Structures are given as C-alpha cells and as structure tokens.
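Fair warning: this is a prediction, and the values are worked out from it, not measured in the lab. Note that ligands are numbered from 1 as they come in the structure, with each ligand's atoms numbered from 1 the same way. Each residue takes its place number in the sequence, starting with 1.
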Amino acid sequence: MRLSRYFLPVLKETPSEAQIVSHRLMLRAGLIKQAAAGIYSWLPLGYKVLRRIEQIVHDEQIRAGHIPMLMPTLQSADLWRESGRYDDYGEEMLRIKDRHGRDMLYGPTNEELITDIFRAHVGSYRDLPLTLYHIQWKFRDEIRPRFGVMRGREFLMKDGYNFDIDRDAALHAYNRHLVSYLRSYERMGLQAIPMRADSGPIGGDDTHEFLVLAETGESEVFYDSQITDLRFGDRDVDYDSVSQCQSVLEEFTSRYARTDETHDEAAFHAQVPDARRRQARGIEVGQIFYFGTKYSEAMGATVVNATGARVPVHMGSHGIGVSRLVGAIIEASHDDRGIIWPEGVTPFHAGIVNLKQGDAAADAACEALYTALSAAGLEPLYDDRDERAGAKFATMDLIGLPWRITVGPRGLAKGVVELTARRTGDSEELSPAAALDRLAQIYSGV
Ligand code: 5CA
C-alpha cells in the first residue's frame, strides 16, 4: 500500500476522552473512530489488525479440530426463554421488538442458538465429539463502556461450543481449548495466563480466564510469579491425546493464579512463598467454561448413547475477546512514541520511508523494494508522501510497524538502505537485497 493513496487519519492531538494508553493510541493512529458510546468503526489500519487476530484464532481453532461457522447477531427471545436466561440476563441484554411485535435481542453470547442447532441435527453419540465455533459481533449494554474497545458495548468475540457424551470427554474439550488458546495468544506476541475465575451468567463450575498483565487491566489478580516463566513455545501437541492436553493444563494451572472473584488469601499464603506472591492487574482476553448439562437439559439437547439410552450432552463454551485483544496488545507493547506491533499481528510487515521523494534514485529504489517485498508475500506500507523525514518517521513510529526500511540518496550512493527495528530502535545498513532477505527470514518464523 502507498500511503499517498491510503486512508490513515492520524491525529496530532492526544484525544482528551481517552483514559488509557491503548485507547489514546488507537485513536491517534487512526485505527478506530467512536460511532456511539462503546461502539466503534474500524478504520482501515485497525481493521487489518482485527483481521490478523481473527486469522490466528481461525488457524488455531481449526488446528485443534474445531469447526468454523457463522450465527447471526440477532436472536429470537424464545430460545432464551427456554433456557431461563431471558429474564436472568438483565439490563446488559439489548432487547428489540420487530415490526410484528416479536421479541428479539442482539446476542450477548450464543449458548442457546448453538444448542438449538445441535438438537435439530444431532441425535447419536456416534456424531460426538463436536466443537463448533464462530467469530461474530456481540452486544452487551455495559453500564459503563470505557477504555475504547477494551470494554465496548458492541465487540467481536470468538465463541466456541463443545458437545460431548460425558463429563470426561467434555473435560478433554476444555483442556484442548486451553492448549489452543495458549498457542493463539503466543502467536499474537502476548503472554496470557490462565487463572481460576468465576463463571458469572454463563454458569458452570470449571472456568479459567486468560489474563494479560497490565496496570490498566480491569481485573485484580493474585499469582505465583513462577507462572510468568512458562512458555508454550512451538511444541507439538496432539489435540486428540487426552494425556497430552491434560499435562499442558496441569503445567499451566497447577500454580496459584486467581482473579479476585475466586482469590483465597489463606490458600495464597499457604501455597506460595513470600518472595513469589504477586498481586497485580490484568486484562481478560478469553475465558473457557465447562457447564455440563445446564443448557442441554433445559433445551432438550440429547443423544442416544452406546447402550441405547437418551442422555443430555455435556457442554462447555469458550470465548476469545478478538476486538479487546487489539487494545490488550497495545497495552502490552508500546512506548512513548506509539504502538509496537508484534510481527504476528502487524497490519503491514514493513514500512518504507523515502527520505527524498522526487529524487530519481530514491524513488526507483523504493519502488523496487515495494515490488520485491510484495513478491515475497510481505505487505509493505510505502510512505511516498512529499513530507519531511521527521514527519514520516513520527507517523511510522506512531502506527508501530515492527520494521522500517529507510531509503535516501546518501545511502544509495553507498549501495545501502537502513533497516530499523521499531522495538529497539537499532538500525543496520544493508543492501536492499539483504534487507529483503532479512525480513523474509523474520516473517518465515511468524
Ligand atoms: N459464551 C462465553 C464463552 S464463548 C462467553 O461469553 N464468555 S465471556 O463472557 O467471558 O466473553 C468472552 C471474552 O469476550 C472475554 O474473555 C473478553 O475478552 C471478551 N469480552 C467480554 N465482554 C467484553 C466487552 N464488553 N468488550 C470487549 N470484549 C469483551
């Protein structure tokens, strides 16, 4: 993409309505624009990041054997009356009447709708296990939407639902989700720690939230500092293996890590030595639940088991806050000049800054790099505007592309361009071909 033809409405002023750094940077870097309280338009650059996050989520869900689909945003109230949640959900549910006076709602989550699909089409244990998921907009009429996309009213969520014959099989699905989530967050450049949590309106006994540690997080968390040393890495887990998934769960959840809802001060002191006890704040970027037969019993979602008896299926649901993640990643990765995107989610792989637009050699070298990067499967953002170098650098720093190639007549006379890492600021002079090789190598590992 050439910046002169793109739509990147960066703001010079720091918006006064934004209280936390990710919200400020998302507005300043032209990622989002507020449409109404807690509701945002995703401008082109923000939309690209959102799509990158979605793609990682899809890849990792499919790798785990889960099946993508798409359910609507609007739902009929009747299904929610069956589960009993139409009255229970309260003010957070946006209730709508259609022209015929029928009660509808903008879905805050999809347990009822998916259970209805399941009961219409699945009747035998032979069709299990089954995990279906979608990535769809949700609406929760939060009393105090704030912090931009972090606590929105309309937000994008991946929600997945497992259907299993019994508790053990459903717990394997729970563990499988935990593994796939660890892998997903790491690909986004994040450390998200599973913590024992409370299940709230979703229900059930077993639940973990995934938290990214950040001072601006809304959750208070208590944990054993050893947990921050754990990395999932590139290990190869067989998602069908009960023991492999179980052992990852044990590794990542055996140390004390809880949100304030389940925190137990006495247990914290008994289990964790003084030097390792931490109290901090975190951003909840996902949650997994096992709730057994809560919805299947209420809604008659049964299957015939191996002995011929009809039994309610065991279920769980599993959510990732896709739009919230954009804010969470920025909270975890920025400096005073702007965003620093991890390679896994960056909207463009590299920026090209032409120091002397209109100089024949500089223009030609930038064009050649642009073509070569694109041919290598990388997406460059070429700042081809007739602007001062300082302004171009400031824009690149603000929007946070992890790599910048700077091209100018002086370097070209020596046959080099400059490759700069956004995170460290370290620069290296390289031939254009070597810079291209370096970037191809960096991104091949992402
Ligand atoms: N049905 C279950 C799992 S599919 C469910 O709704 N879980 S949840 O309530 O925990 O939401 C899943 C994730 O969505 C949360 O972990 C959080 O990251 C994100 N989320 C929840 N509320 C909001 C909100 N108001 N704004 C942005 N993201 C949100």
Side-chain angles (χ1 to χ4, degrees), residues 20 22-23 26 32 34 37-40 42 50 53-54 57 61 66 69 71 73 75 80 83 85 88-94 106-115 131-163 173-174 177-178 180-181 184-185 188 190 192-204 206-212 214 217-219 221 259 261 282-291 294-295 315-331:
I20 61 170
S22 59
H23 189 195
M26 287 184 76
I32 51 167
Q34 184 174 308
I39 304 179
Y40 291 87
W42 291 81
L50 197 63
I53 293 173
E54 261 190 274
V57 172
Q61 289 308 300
H66 307 156
M69 60 178 296
M71 289 176 271
T73 53
Q75 304 182 22
W80 287 69
S83 72
R85 281 207 297 181
D88 291 355
Y89 220 93
E91 295 286 304
E92 264 193 24
M93 181 185 279
L94 181 65
Y106 193 132
T109 175
N110 282 53
E111 281 79 5
E112 284 77 358
L113 202 51
I114 197 82
T115 306
T131 296
L132 300 167
Y133 79 93
H134 72 161
I135 299 180
Q136 178 61 292
W137 294 92
K138 303 290 184 293
F139 197 95
R140 292 183 187 171
D141 205 352
E142 303 275 353
I143 191 162
R144 257 193 309 143
R146 56 183 187 156
F147 301 159
V149 300
M150 293 276 221
R151 181 159 296 280
R153 293 199 297 165
E154 190 188 42
F155 59 96
L156 191 60
M157 191 205 285
K158 170 265 164 180
D159 41 326
Y161 305 86
N162 68 285
F163 299 91
Y174 185 89
H177 278 88
L178 182 127
S180 70
Y181 281 24
S184 305
Y185 297 123
M188 297 172 201
L190 280 178
I193 303 171
M195 301 203 180
R196 190 152 277 292
D198 181 62
S199 63
I202 308 292
D206 278 294
T207 185
H208 282 93
E209 286 180 1
F210 290 77
L211 287 116
V212 173
E218 290 188 287
S219 311
V221 297
T259 63
E261 297 154 343
I283 303 167
E284 179 205 327
V285 291
Q287 188 163 6
I288 53 177
F289 303 83
Y290 165 68
F291 44 67
K294 172 177 167 166
Y295 297 90
M315 294 173 58
S317 70
H318 315 276
I320 293 184
V322 173
S323 49
R324 175 179 287 182
L325 273 164
V326 181
I329 291 168
I330 297 173
E331 286 295 327

What is the closest protein heavy atom to atom 5 (C) of ligand 1, and at what distance does it sit?
-> Ile202 CD1, 3.7 Å
Please state whether Glu209 comes within less than 4.0 angstrom of ligand 1, counting heavy atoms only.
-> no
May I ask you to check whether His318 and Tyr133 show a side-chain donor-acceptor distance below 3.5 Å?
-> no
Would Lys158 count as a contact of ligand 1 if the rule is a heavy atom under 4.0 Å away?
-> no
Look at atom 22 (N) of ligand 1 and find which of Phe155, Phe289, Phe139, Phe291 reaches it with the closest heavy atom.
-> Phe155
Check the pair Arg324 / Glu284 against side-chain contact (heavy atoms from CB on, under 4.5 Å), numbers first and verdict last.
-> CA-CA 9 Å; Arg324 175 179 287 182; Glu284 179 205 327; 3.8 Å; yes
Evaluation steps, salt bridge (charged side-chain N to carboxylate O under 4.0 Å, His left out), between Arg146 and Glu218 | CA-CA 10 Å; Arg146 56 183 187 156; Glu218 290 188 287; 2.9 Å; yes
Arg151 side chain to Arg144 main-chain N or O, any donor-acceptor pair under 3.5 Å?
-> no
Evaluating non-hydrogen atoms only, which member of Lys138, Arg153, His134, Arg140 is closest to atom 8 (S) of ligand 1?
-> Arg140
Any side-chain heavy atom of Ile193 within less than 4.5 Å of one from Val221?
-> no
Can you tell me the protein heavy atom closest to atom 19 (C) of ligand 1 and the distance?
-> Gly321 CA, 3.6 Å
Output yes when a side-chain donor or acceptor of Asp141 lies under 3.5 Å from a complementary backbone atom of Leu94, and no otherwise.
-> no
Nearest protein heavy atom with distance in Å, relative to atom 27 (C) of ligand 1 | Met150 O, 3.3 Å
Touching ligand 1 at all, Val149? Heavy atoms, strictly under 4.0 Å?
-> yes
Non-hydrogen side-chain atoms of His134 and Ile114 separated by less than 4.5 Å | no
N/O of Glu111 under 3.5 Å from N/O of ligand 1, yes or no?
-> yes
Can you tell me the protein heavy atom closest to atom 12 (C) of ligand 1 and the distance?
-> Met157 CE, 3.6 Å
Close approach of Phe210 to ligand 1, heavy atoms, under 4.0 angstrom = no
CE/Met150 to CD1/Ile330 distance, rounded to the nearest 0.5 angstrom?
-> 8.5 Å
Short list, please: which atoms of ligand 1 are under 4.0 Å from a heavy atom of Asp159?
-> 4 (S)
For atom 10 (O) of ligand 1, what's the nearest protein heavy atom and its distance?
-> Gln287 OE1, 3.1 Å
With heavy atoms of Glu284 as the reference, note each atom of ligand 1 found under 4.0 Å away.
-> 10 (O), 15 (C), 16 (O), 17 (C), 18 (O)
Do the two ring centres, one from Tyr181 and one from Phe210, sit under 6.0 Å apart?
-> yes
Proximal atoms of ligand 1 relative to Gly286 (non-hydrogen, under 4.0 Å) | 16 (O), 18 (O)
Using the six-membered ring wherever Trp is involved, compare the ring planes of Tyr174 and His208 and label them parallel, tilted or perpendicular (cut-offs 30° and 60°).
-> tilted
Looking at Val285, which atoms of ligand 1 are within less than 4.0 Å of one of its heavy atoms?
-> 16 (O), 18 (O)
Please could you name the atoms of ligand 1 that Arg151 approaches to less than 4.0 Å, counting only its heavy atoms?
-> 26 (N)
Determine whether Phe289 and Thr207 make a side-chain contact, defined as any pair of heavy atoms from C-beta on separated by less than 4.5 Å.
-> yes
Identify which of Ala197, Ser323, Gly319 has a heavy atom lying nearest to atom 3 (C) of ligand 1.
-> Gly319
Mind running side-chain contact (heavy atoms from CB on, under 4.5 Å) on Thr73 and Phe139 for me, showing each step along the way?
-> CA-CA 8 Å; Thr73 53; Phe139 197 95; over 6 Å; no
Starting from atom 26 (N) of ligand 1, locate the nearest protein heavy atom and write down its residue, its atom name and how far away it is, to 0.1 Å.
-> Gly152 N, 3.1 Å
Atom 17 (C) of ligand 1 sits nearest the protein heavy atom Arg324 NH1, 3.5 Å
